[in-house]
Amino acid sequence: MWDALVTAGNLIMIPALLTIALDQRAYIPRLTSGISLVGITAVVIGLVGVGLTLSPIVLGIVGAIWLFIFLFRHEPPALSTADTRKGESP
């Protein structure tokens with residue numbers, strides 16, 4: 001029962017993280033994604049230690065998404081010329 005509850009809670013996070021991972025304009029500082037990745041790794045180890053099966057797998061997927069964000073979404077997107085013109089007076 002607890003495994004199903006923890007699994008459902010973690011499944012809820014996946015769509016939100018996927019929107020960040022798939023958006024090339026998204027920017028998450030490495031400190032934020034790195035801390036999240038370390039915390040998720042600790043929780044996965046704890047869940048495996050308790051003997052749960054589904055929730056560590058799903059949380060491993062969440063961790064993999066955070067790893068992708070850590071590797072590829074750590075730099076702010078470059079400003080386009082359209083963005084720089086927004087601040088100019090007509």
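Not measured: the values here are computed from a predicted model. Just so you know, residue 1 is the first one in the sequence shown, and it goes up from there.
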message: I need the Leu47 CG to Asp3 CG distance, nearest 0.5 Å.
response: 8.0 Å
Asp23 vs Arg73, side chain to side chain contact (heavy atoms under 4.5 Å, CB included): CA-CA, chis, key distance, verdict: CA-CA 9 Å; Asp23 184 359; Arg73 300 293 178 248; 5.7 Å; no
- line: Residues Thr19 and Ala16: closest non-hydrogen pair is OG1-O, 2.6 Å
task: Return the minimal non-hydrogen interatomic distance between Ala26 and Ile20, and the atom names on each side.
output: CB-O, 3.5 Å
- prompt: Are Phe72 and Ile69 connected in a single hydrophobic cluster, I mean Ile/Leu/Val/Met/Phe/Trp/Tyr linked by side-chain heavy atoms less than 4.5 Å apart?
  reply: yes
message: Let me confirm one number: the CG-CG distance from Leu54 to Leu5, rounded to the nearest 0.5 Å.
response: 12.5 Å
task: Would you confirm whether Asn10, through its side chain, and Leu59, through its main-chain N or O, come within 3.5 Å as a donor-acceptor pair?
output: no
- prompt: Closest heavy-atom contact between Val44 and Gly60?
  reply: CG2-N, 4.1 Å
query: Any chain of hydrophobic side-chain contacts (each under 4.5 Å) joining Leu71 to Val62?
result: yes
- prompt: Would you say Ile40 and Ile45 are hydrophobically clustered, going by side-chain heavy atoms of ILVMFWY under 4.5 Å?
  reply: no
- prompt: Hey, mind stepping through Leu17 and Phe68 against side chain to side chain contact (heavy atoms under 4.5 Å, CB included) and telling me if it holds?
  reply: CA-CA 10 Å; Leu17 289 174; Phe68 180 87; over 6 Å; no
- prompt: Would you say the side chain of Ile14 lies within less than 4.5 Å of the side chain of Val58, judging by non-hydrogen atoms?
  reply: yes
- prompt: Where is the tightest heavy-atom contact between Thr41 and Leu37, given as atom of each residue plus distance?
  reply: OG1-O, 2.8 Å
field: Minimum-distance pair of heavy atoms, taken over all atoms of Tyr27 and Pro76
entry: CD1-N, 3.3 Å
message: Grouping I, L, V, M, F, W and Y whenever their side-chain heavy atoms are under 4.5 Å apart, do Phe70 and Leu31 come out in a common cluster?
response: no
message: Please check this pair: side chain of Thr7 against backbone of Ser55, looking for a donor-acceptor N/O pair closer than 3.5 Å.
response: yes
field: Transitive ILVMFWY side-chain link Leu11 to Leu18, under 4.5 Å
entry: yes
